[in-house]
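Nothing fancy with the numbering, it's 1 onward along the sequence.
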Amino acid sequence: MLSHWRQYLAISPFYLIFIAFSFFPVLYSLYLAFQRYDGLGAKQFVGLQQFEFLWNDPVFWLSIRNTLAIWVLSTVPTLFGALVLATLLHSVRRFKGFYRIALYVPNVTSIVAVAIFFGAVFSNNFGLVNAILGTVGISPVPWLSNPWLIKLVIALLMTWMWTGYNMIIYLAGLQAIPTSIYEAAKMDGAGPVRTFFQITIPIMRPIILFTVIISTINGLQSFSEPQVLFASNAANQNLGGPGQAGLTTLLYFYQSAFLNNDYGYGAAIVWAFFVLIMVLVVINWRLVQRGRKS
C-alpha cells in the first residue's frame with residue numbers, strides 16, 4: 001500500500017474536499033440536532049427535545065403534506081411522460097438528435113429562471129394562461145393563491161424540468177433492447193400496446209426502478225421552486241405562498257435555520273426528513289421489486 005503513495009497523493013484532494021465540505025457538515029448537523037444554537041451564543045444540549053417539538057409541530061407536518069402532494073403530482077406524470085416520449089423518439093427516423101436536445105434543454109436551464117417564467121405565465125392577474133383562458137370566456141384562475149393550484153403549478157414546473165432527463169435514460173434502455181425480440185413478438189401477432197406492456201416494460205424494469213428512486217429523492221427536495229415563485233426572503237415570513245400551501249419541508253428548514261436562526265431545530269428537521277426519504281425509497285424499491293417477481 002505504501003508503495004502506491006504517489007497515486008494516493010494524487011487523488012487525495014478529492015477526499016480532503018469531500019471530508020471538509022460534505023462528510024463533516026453532515027456529522028455536524030447531526031450533532032446540532034441535539035443542541036439549541038442560534039449561531040452566535042453557546043450551544044446547549046437538549047437531547048431529544050428538538051425532535052419532540054418537531055413531532056408536535058403542525059407547520060412541520062403541513063410541510064410534509066405539501067411536499068408529498070407535490071412529489072406525487074410531479075413524479076407520476078414525469079416518469080409516465082418520459083417513458084412515452086422515449087418510446088416515440090425511439091421510433092423516429094429523422095431529426096432524432098434535435099428532439100433529444102430539445103427535450104433535454106429544460107433540465108439544464110437555470111431553475112431560478114424557470115421559476116420566474118412560470119410565475120409570470122401563471123400569474124393571477126397578468127399571466128399568459130389566464131389571458132388565453134379569457135379569450136374563450138373563462139374567468140381568471142387563481143393559480144398562485146388557491147392551495148391545490150399552488151401545488152399543481154410547482155408540480156408542473158418540476159415535471160417540465162425533469163421529464164427530459166428521465167426520457168434520455170429510458171431512451172438509452174430502449175436502444176439496448178434487441179430488435180429481434182420485437183420482430184418475434186410481431187410475428188406472433190402482438191400489437192404495439194401489448195408489446196409495450198408485456199415486453200418493453202418488463203425489460204425496462206431495472207431502469208424504471210432507478211428513475212423511481214432518483215425521482216423520489218429529487219422530487220422530495222423541492223426548495224427553489226416555491227422559494228422563487230413566492231419571493232421568499234427575510235422580509236416575507238409567510239413562506240410557500242398564501243396559507244403556506246407551497247411550503248415544502250426544505251423551505252421550512254430554511255426558514256427555521258437561516259431566517260429564525262434556530263440551527264438546532266433546522267438540523268432536526270432535515271434529519272427527520274432524511275429518514276422519511278429513506279423510508280419512501282425503500283417502499284418504492286419493494287413495490288417495483290414485487291412487480292418484477294410477479
Side-chain angles (χ1 to χ4, degrees), residues 62-63 65-89 92 95 97-168 215 218-252 254-255 259:
L62 172 65
S63 72
R65 291 193 297 271
N66 291 340
T67 303
L68 292 177
I70 293 170
W71 169 61
V72 172
L73 290 173
S74 62
T75 301
V76 174
T78 294
L79 297 183
F80 179 77
L83 187 56
V84 172
L85 287 174
T87 304
L88 294 175
L89 187 56
V92 170
F95 306 111
F98 169 77
Y99 292 128
R100 288 179 185 174
I101 296 173
L103 292 170
Y104 189 73
V105 162
N107 186 251
V108 297
T109 306
S110 169
I111 190 172
V112 175
V114 174
I116 293 174
F117 172 76
F118 267 70
V121 169
F122 287 95
S123 174
N124 291 343
N125 300 320
F126 308 104
L128 177 62
V129 175
N130 278 338
I132 295 174
L133 294 177
T135 60
V136 295
I138 300 177
S139 302
V141 177
W143 298 104
L144 300 181
S145 57
N146 180 276
W148 276 103
L149 292 179
I150 286 174
K151 297 178 180 64
L152 180 61
V153 170
I154 298 174
L156 286 174
L157 192 161
M158 297 172 65
T159 300
W160 189 81
M161 290 201 65
W162 289 101
T163 299
Y165 170 84
N166 291 285
M167 183 272 299
I168 292 294
S215 297
N218 290 332
L220 291 173
Q221 297 185 60
S222 53
F223 168 75
S224 300
E225 299 88 348
Q227 185 192 34
V228 176
L229 274 175
F230 301 104
S232 302
N233 50 53
N236 179 17
Q237 294 290 327
N238 189 30
L239 301 188
Q244 295 184 313
L247 178 68
T248 61
T249 305
L250 287 188
L251 195 55
Y252 184 46
Y254 167 78
Q255 180 189 42
L259 298 185

Novice: Between Thr249 and Thr67, is the side-chain hydrogen bond (donor to acceptor under 3.5 Å, both in side chains) condition met? List the steps.
Specialist: CA-CA 6 Å; Thr249 305; Thr67 303; 3.2 Å; yes
Novice: What's the separation between atom CZ in Arg65 and atom CD1 in Ile70, rounded to the nearest 0.5 Å?
Specialist: 12.5 Å
Novice: Does any part of the side chain of Leu79, heavy atoms only, come nearer than 4.5 Å to the side chain of Thr75, both counted from C-beta?
Specialist: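 Counting from C-beta outward, Thr75 and Leu79 do come under 4.5 Å.
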Novice: What do the steps show when you test Ile168 against Asn107 for side-chain contact (heavy atoms from CB on, under 4.5 Å), and what is the final call?
Specialist: CA-CA 11 Å; Ile168 292 294; Asn107 186 251; over 6 Å; no
Novice: What distance do Leu103 atom CG and Leu89 atom CG have between them, rounded to the nearest 0.5 Å?
Specialist: 6.5 Å
Novice: What's the separation between atom CZ in Arg100 and atom CE in Met167, rounded to the nearest 0.5 Å?
Specialist: 8.5 Å
Novice: Can a donor-acceptor pair be found, under 3.5 Å and without considering hydrogens, that links the side chain of Ser63 to the backbone of Tyr252?
Specialist: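 No; judged by distance alone, with no hydrogens or angles, the pair does not exist.
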Novice: For Pro106 versus Ala102, what's the shortest heavy-atom pair and its separation?
Specialist: CD-O, 3.5 Å
Novice: Which pair of non-hydrogen atoms, one from Ala245 and one from Lys151, has the smallest distance, and what is that distance?
Specialist: O-NZ, 3.2 Å
Novice: Would you call Leu149 and Val141 a side-chain contact if the rule is heavy atoms closer than 4.5 Å?
Specialist: yes
Novice: What are the two closest non-hydrogen atoms of Trp71 and Ser215, and how far apart are they?
Specialist: NE1-O, 3.8 Å
Novice: Does any part of the side chain of Leu133, heavy atoms only, come nearer than 4.5 Å to the side chain of Pro140, both counted from C-beta?
Specialist: no
Novice: Nearest heavy-atom pair of Leu156 and Phe118: which atoms, and what distance?
Specialist: C-CE2, 4.0 Å
Novice: Is there side-chain contact between Val92 and Leu88, with heavy atoms separated by less than 4.5 Å?
Specialist: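 They are not in contact (no side-chain heavy atoms under 4.5 Å apart), so the answer is no.
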Novice: May I ask you to check whether over 12 heavy atoms, not counting those of Phe223, lie within 6.0 Å of atom CZ?
Specialist: yes
Novice: My understanding is that only one of Leu229, Leu73, Leu144, Thr248 makes a side chain to side chain contact (heavy atoms under 4.5 Å, CB included) with Ile154; could you say which?
Specialist: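 Of the listed residues Leu229, Leu73, Leu144, Thr248, the side chain to side chain contact (heavy atoms under 4.5 Å, CB included) partner of Ile154 is Leu229.
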Novice: Hey, are the side chains of Tyr99 and Leu85 touching, using non-hydrogen atoms and a 4.5 Å cut-off?
Specialist: no
Novice: Nearest heavy-atom pair of Asn146 and Trp148: which atoms, and what distance?
Specialist: OD1-N, 3.1 Å
Novice: To the closest 0.5 Å, what do you measure between CD (Gln221) and CE (Met158)?
Specialist: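 It comes to 9.5 Å.
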Novice: When rounded to the nearest 0.5 angstrom, what is the spacing between OG in Ser224 and OH in Tyr254?
Specialist: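 If I round to the nearest 0.5 Å, the distance is 10.5 Å.
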Novice: Which atom pair, heavy atoms only, marks the closest approach of Asn166 to Ala82?
Specialist: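 Looking at all heavy atoms of both residues, the closest pair is CB-CB, 3.6 Å.
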Novice: Can you tell me how far the CG atom of Leu62 sits from the CD atom of Gln244, to the nearest 0.5 Å?
Specialist: 6.0 Å
Novice: Evaluate the side-chain proximity of Asn130 to Ser123: yes if any heavy-atom separation is below 4.5 Å, no if none is.
Specialist: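 Ser123 does not reach Asn130 side chain to side chain.
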Novice: Kindly indicate whether the side chain of Ile150, heavy atoms from C-beta on, has any atom under 4.5 Å from the side chain of Phe230.
Specialist: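 They are in side-chain contact.
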Novice: Determine which pairs satisfy side-chain hydrogen bond (donor to acceptor under 3.5 Å, both in side chains) with at least one residue from residues 154-163, sequence neighbours left out, and list them in order.
Specialist: Thr78-Thr159
